[in-house]
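Hydrogens, waters and symmetry mates are skipped; everything else that's a heavy atom, side chains included, is used.
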Amino acid sequence: MKLLAPLCVLLVLGCAPAPAPGSAPALPSSSSAVAPGTDFALPLGQSRTVAGIDVRFDSVLSDSRCKPGVQCVWEGDAVVAVSLNGGEDGRKGAELHSNHRFPHIADHAGHRVELVSLNEPADEITLRVLPTA
């Protein structure tokens, strides 16, 4: 009987779903350091420092993206406002588009800040910061 409880715990833990093959790797948490070139999640109203640049997700200015499960004529676009602070460029605001037909990169302090994606319900962005060549 004493072995039954630990055995039940192991059975329950062993039944947790494994990550799907080919699924995206986990993004760094908001408390971990982000290396340049690494995709990272940034919730609305939060900021992270990457390569000496403080990046803040200020707001969603517009969102005309096609909603999941709906057939649309075009994929739409969302525009997010970010604040960039640091380096020789000081503080700067930028508007980045989710549709890469439009500006989705902002240059700041020798780096490129790229909007990779905006989640649904538009409360978290994924960014990548790379040094400019």
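Closest approach of R48 and A41 over heavy atoms only: NH1-O, 3.5 Å. The shortest heavy-atom contact between C66 and V70 is SG-O, 3.0 Å. Nearest heavy-atom pair, E88 versus G110, reported as atom, atom and distance to 0.1 Å: OE2-N, 3.9 Å. Shown here for A109 and G87, the closest heavy-atom pair between the two residues is CB-CA, 3.9 Å.
In this structure, L61 shares a hydrophobic cluster with V79, the cluster being traced through Ile, Leu, Val, Met, Phe, Trp and Tyr side chains under 4.5 angstrom apart.
Under the 4.5 Å side-chain contact rule for hydrophobic residues, V116 and V34 do not share a cluster. At a threshold of 4.5 Å between side-chain heavy atoms, the hydrophobic network of Ile, Leu, Val, Met, Phe, Trp and Tyr places V60 and L115 in one connected group.
Of the candidates L96, V80, D77, L118 forms a side-chain contact (heavy atoms from CB on, under 4.5 Å) with just one, namely V80.
Rounded to the nearest 0.5 Å, atoms SG (C72) and NZ (K67) are 9.0 Å apart. Considering CG of L127 and OG of S117, their distance stands at 8.5 Å, rounded to 0.5 Å. Rounding to the nearest 0.5 angstrom, the gap separating the CG atom in D89 from the CG atom in L84 is 9.0 Å. Between the CG atom of D123 and the CG atom of L42 there is a distance of 11.0 Å, given to the nearest 0.5 Å.
Side-chain contact between I125 and V82: present, with at least one pair of heavy atoms (C-beta onward) separated by less than 4.5 Å. At least one side-chain heavy atom of S83 sits less than 4.5 Å from a side-chain heavy atom of R91.
Side-chain atoms of N99 come within 3.5 Å of backbone N or O of G76 as a donor-acceptor pair. Distance alone, capped at 3.5 Å, places no donor-acceptor pair between the N85 side chain and the D54 backbone.
Take D58 and apply the salt bridge (charged side-chain N to carboxylate O under 4.0 Å, His left out) test, not counting sequence neighbours, and it matches R56.
Counting only residues at least two apart or in different chains, ring-ring contact (aromatic ring centres under 6.0 Å, His included) contacts with residues 98-133 comprise H97-F102, H100-H104.
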